[in-house]
Amino acid sequence: MKHKIAIVGFGGMAGWHLNLISELENLEVVGVWDIDESRRELAVAKGIIAYESLDALLDDVQTNIVLIATPNDSHKDIAIAAMKAGKNVVVEKPVTLNSADLQEMITVSEETGMLFTVHQNRRWDEDFLMVCEILKENQLGEVFSVESRVHGSRGIPGDWRQLKKQGGGMVLNWGVHMFDQIFLMFPGVKLKTVHAITTSVTNQLVDDGFRTELLFENGVRVLVEVGTSNFISLPRWYVQGVNGTAVIEDFDKRGKMIIAVGENEKDIVPVITAAGLAKTMAPRREDSIKEVPLPEVTADIRDFYQNVMAVIEGQEESLIKLPEIARVMRLMETIFESAEKNEVIAFEN
Ligand code: NAD
């Protein structure tokens, strides 16, 4: 079956989808709607139909999927209108701005029977999948701490992303990916508590970064941090197990994993510093540790749309489940609450 998709919002991310879709046999972009005339002209220059309005896009009977790639505050109304017009809907992340709005969208999806899903594309990031593999294979022994960071140094982009009303800020922008990843890493494990701070280094309008500590029921502590004033980036992932440590530096998956081997050292040679002596922090003896290769993983983001099409055809279940999306939304709300009160908040799973 050939699927036909129309795109609402023909900005930066729509261009990315356009390239991705061009690699898929059974999916074709038929047209776009954007409130900005210059973006509609760009679509026409690329040989794509530009509709005269959202209604015109929704009236096109040949389209069975609508992708919504507009600023975050407009996702809800467009998604609801599209589902009511009989279209399956793919919404960019964050799905919307709060749990109440999300529930409205889910209700319309249930009432209309249309597919409603979210482009959580960072589930296909290979650095993330490497950490999942390390945990699954128990390569570090029992894991007690995971640190997930994304650092940049350009502040927050100067467009709608710095407006609270439009769903700007780094919690909604990057946090939504990172929390989704963390929940997937610990399937079925309840999150007990959340503590968070948000930062406003480069502007006072929205959070331009945040740091949050999550404590899971199994005792694992997770630090999730986004910074936009970090001229030196800390590693993307730092994972500690009782028997080893793994570092993944960046999206290119550079990094290393060190595990303990043999018996624990008994005759520790202290490290002598300029002003003292330390045994606890002395480097490990070479024969008591081993560097092992990070796991190799491969992922193909085309699987996102392959799954969307298979769900529409009734052949597969959606890889992105709405209760997962709702849980991440509740976590983001809890983070804002914790940051505002500077309190540890119990999480409602
Ligand atoms: P953008 O500003 O580049 O593009 C948004 C486009 O939407 C603009 O062309 C604008 O004119 C148009 N627009 C605004 N309101 C509209 C409306 N009501 N109807 C029709 N068109 C409208 O933004 P972007 O970077 O493309 O981001 C779009 C969405 O994609 C956001 O939700 C963002 O969070 C998401 N995004 C996701 C990823 C990812 O990796 N999944 C990456 C970047 C952006």
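Order of appearance sets the numbers: ligands from 1, and atoms from 1 within every ligand.
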Enquirer: Are a donor atom and an acceptor atom from the side chains of His119 and Glu92 found within less than 3.5 Å of each other?
Expert: yes

Enquirer: Any heavy atom of Gln120 sitting closer than 4.0 Å to ligand 1?
Expert: no

Enquirer: Do the non-hydrogen side-chain atoms of Thr199 and Phe210 ever get within less than 4.5 Å of each other?
Expert: no

Enquirer: Just to be sure I'm reading this right: ignoring hydrogens, which of Ile35, Asp159, Thr96, Asn72 gets closest to atom 15 (N) of ligand 1? Compare them by their nearest heavy atoms.
Expert: Ile35

Enquirer: Under 3.5 Å, N or O to N or O, is Pro71 touching ligand 1 that way?
Expert: no

Enquirer: Between Thr107 and Glu111, does the side-chain hydrogen bond (donor to acceptor under 3.5 Å, both in side chains) criterion hold? Intermediate values first, please.
Expert: CA-CA 6 Å; Thr107 302; Glu111 283 168 3; 5.8 Å; no

Enquirer: Is there at least one pair of N or O atoms, one from His75 and one from ligand 1, spaced under 3.5 Å apart?
Expert: yes

Enquirer: Could Lys192 and Glu217 be called an ion pair, given the rule that one side-chain N must be under 4.0 Å from one carboxylate O?
Expert: no

Enquirer: Which ligand 1 atoms does His119 reach within 4.0 Å, using its non-hydrogen atoms?
Expert: 41 (N)

Enquirer: Taking atom types as modelled, is there a side-chain donor on Asp55 or Ser53 under 3.5 Å from an acceptor on the other?
Expert: no

Enquirer: Measure the distance from atom 25 (O) of ligand 1 to every protein heavy atom, then report the residue, atom name and distance (to 0.1 Å) of the closest one.
Expert: Arg161 NH2, 2.2 Å

Enquirer: Do any nitrogen or oxygen atoms of Met13 come within less than 3.5 Å of a nitrogen or oxygen of ligand 1?
Expert: yes

Enquirer: Can you figure out which of Leu54, Asp34, Asn173 has its heavy atom closest to atom 6 (C) of ligand 1?
Expert: Asp34

Enquirer: Decide, yes or no, whether a salt bridge links Lys256 with Glu291 under the criterion of side-chain N to carboxylate O below 4.0 Å.
Expert: no

Enquirer: Counting each atom of ligand 1 from 1 as listed, which ones have a heavy atom of Asp36 under 4.0 Å away?
Expert: 11 (O)

Enquirer: Counting only heavy atoms closer than 4.0 Å, does ligand 1 sit against the backbone of Arg40, its side chain, both, or neither?
Expert: neither

Enquirer: N/O to N/O below 3.5 Å, does that happen between Ser74 and ligand 1?
Expert: no

Enquirer: Once you round to the nearest 0.5 Å, how far does CG of Leu102 lie from CD1 of Ile325?
Expert: 8.0 Å

Enquirer: What atoms of ligand 1 come closer than 4.0 angstrom to any heavy atom of Val8?
Expert: 20 (C)

Enquirer: Of all the non-hydrogen atoms in the protein, which one sits nearest to atom 37 (C) of ligand 1, and at what distance?
Expert: Glu92 OE1, 3.0 Å

Enquirer: To which of Phe10, Trp174, Trp160, Trp16 does the heavy atom nearest atom 2 (O) of ligand 1 belong?
Expert: Trp160

Enquirer: Does the pair Glu324/Arg123 count as a salt bridge with the N-to-O cut at 4.0 Å?
Expert: yes

Enquirer: Considering heavy atoms of the protein only, find what lies nearest to atom 40 (O) of ligand 1 and give residue, atom and distance to 0.1 Å.
Expert: Asn121 ND2, 3.0 Å

Enquirer: Between Arg254 and Asp252, is the closest basic N to carboxylate O distance under 4.0 Å?
Expert: no

Enquirer: Is the side chain of Asn72 donor-acceptor paired with the backbone N or O of Gly167 at a distance under 3.5 Å, no angle test?
Expert: yes

Enquirer: Is there a side-chain contact between Phe347 and Leu215 in this structure, where contact means two heavy atoms from C-beta onward sitting under 4.5 Å apart?
Expert: no

Enquirer: Nearest to atom 3 (O) of ligand 1, what protein heavy atom do you find, and at what distance?
Expert: Gly12 N, 2.9 Å

Enquirer: Closest non-hydrogen protein atom to atom 29 (C) of ligand 1, residue and atom name please, with distance?
Expert: Thr70 O, 3.4 Å

Enquirer: If the threshold is 4.0 Å, N to carboxylate O, is there a salt bridge linking Glu104 and Lys76?
Expert: yes

Enquirer: To the nearest 0.1 Å, how far is atom 28 (C) of ligand 1 from its closest protein heavy atom, and which atom is that?
Expert: Ala69 O, 3.3 Å

Enquirer: Which protein heavy atom lies closest to atom 35 (C) of ligand 1, and at what distance to 0.1 Å?
Expert: Lys93 O, 3.5 Å

Enquirer: Suppose we measure from atom 7 (O) of ligand 1 to each protein heavy atom; which comes out shortest, and what is that distance?
Expert: Gly9 CA, 3.5 Å

